[in-house]
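Read the structure below first, then the notes.
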Amino acid sequence: MVKCPRCGYENSTTAVYCDNCAFLLSDSDGKKIDMIKRESSWNIGIAKKIVIVLGIILISYLLFSVVYNNTQPTNQESLNVITDDGSNLQTSSYPYKVKIVYQGSWYAEMGDPNYLVKEAADGSKTFTLDCAAWERIALDVQKQDYGEGELKVQLLRNGEVVAENSTTAANGRIVINYNY
């Protein structure tokens with residue numbers, strides 16, 4: 001029999017709490033009776049806890065990377081590429097052409113201000129610009145031979161001249177900025 005220290009009630013030896021007042025009883029050695037043994041508790045050091053947390057973060061990062069990479073479009077899917085298939089629809093795909101008329105040698109930079117095509121040639125030439133989606137076209141043409149003939153530059157859209165300039169100066173240079 002175990003006597004309750006609070007109320008003095010005599011309880012059975014298997015009782016954990018007093019049957020009279022519900023006080024936690026002590027065993028014969030004076031130790032409180034513990035219903036759950038503490039030997040099986042999870043005691044690990046702080047270094048192991050840090051390693052576990054870092055492992056969880058690393059696994060989360062790897063899972064995120066896999067999901068992110070598998071949901072991104074490929075380069076072909078994400079680019080809005082305009083291609084020339086040689087059909088009659090070329091004028092609608094690439095409506096702009098540059099016509100350079102000069103009998104000597106010249107150098108030109110043509111296209112979007114951030115993406116210029118560089119060309120050097122002798123004599124007159126016509127170039128198709130692949131700038132269907134550009135908001136602005138820049139042309140910069142200069143004589144290379146310091147000739148006295150006329151250098152003439154035309155920007156054509158669907159065959160019609162939308163900008164034109166010319167010079168006869170020996171070191172002649174023409175700059176055209178066209179916004180559409």
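All values derive from a computational prediction rather than experimental measurement.
Of the possible donor and acceptor atoms, one in the side chain of Trp106 sits under 3.5 Å from a partner among the backbone N and O of Gly123. A donor-acceptor contact shorter than 3.5 Å links the side chain of Lys143 to the backbone of Ala169. A donor-acceptor contact shorter than 3.5 Å is absent between the side chain of Asn11 and the backbone of Cys18.
Counting heavy atoms from C-beta on, the side chains of Asn177 and Val175 come closer than 4.5 Å. Counting heavy atoms from C-beta outward, Cys4 and Leu25 have side chains that approach closer than 4.5 Å. Side-chain contact between Lys48 and Ile46: absent, with no pair of heavy atoms (C-beta onward) separated by less than 4.5 Å. Counting heavy atoms from C-beta on, the side chains of Leu151 and Ile100 come closer than 4.5 Å. The side-chain heavy atoms of Arg157 and Leu155, taken from C-beta on, include no pair separated by under 4.5 Å.
When the side chains of ILVMFWY residues are joined at heavy-atom separations under 4.5 Å, either directly or via intervening members, Tyr178 and Ile174 end up in a single hydrophobic cluster. Residue Phe127 is grouped with residue Val162 when hydrophobic side chains (ILVMFWY) are merged at heavy-atom distances under 4.5 angstrom, including chains of intermediate members. The hydrophobic clustering, which links ILVMFWY residues whose side-chain heavy atoms are closer than 4.5 Å, places Val101 and Met110 apart.
Asp145 meets the side-chain hydrogen bond (donor to acceptor under 3.5 Å, both in side chains) test with Tyr102; sequence neighbours excluded. Partners of Thr126 by side-chain hydrogen bond (donor to acceptor under 3.5 Å, both in side chains), not counting sequence neighbours: none found. In this structure Arg173 satisfies the salt bridge (Lys or Arg N to Asp or Glu O under 4.0 Å) test together with Asp140, sequence neighbours excluded. Annotation: salt bridge (Lys or Arg N to Asp or Glu O under 4.0 Å) contacts of Lys152 (sequence neighbours excluded): Glu164.
Taking OG from Ser105 and OH from Tyr146, the interatomic distance works out to 10.0 Å, rounded to the nearest 0.5 Å. Rounding to the nearest 0.5 angstrom, the gap separating the CD atom in Gln154 from the CD1 atom in Ile176 is 9.0 Å. The line from OG of Ser124 to CD of Gln103 is 5.0 Å long, rounded to the nearest 0.5 Å. Residue Leu139 holds its CG atom at 11.0 Å from OH of Tyr96, rounded to the nearest 0.5 Å. Remark: Glu109 CD to Lys118 NZ distance equals 5.0 Å, nearest 0.5 Å.
When hydrophobic residues (I, L, V, M, F, W, Y) are linked wherever their side-chain heavy atoms come within less than 4.5 Å, the members clustered with Leu156 are Val161. Membership of an apolar cluster is not assigned to Leu116, as no side-chain contact below 4.5 Å to another ILVMFWY residue is traced.
None of Ile57, Leu62, Ile56 except one satisfies the side chain to side chain contact (heavy atoms under 4.5 Å, CB included) rule with Ser60; the exception is Ile56.
Under a cut-off of 6.0 angstrom, the local environment of CD in Glu148 is sparse, with at most 12 non-hydrogen atoms contributed by other residues, nucleotides or ligands.
A side-chain N or O of Ser166 and one of Glu150 form a donor-acceptor pair less than 3.5 Å apart.
Scanning all heavy atoms of the two residues, the minimum distance from Ala108 to Val141 falls at CB-CG2, 3.7 Å.
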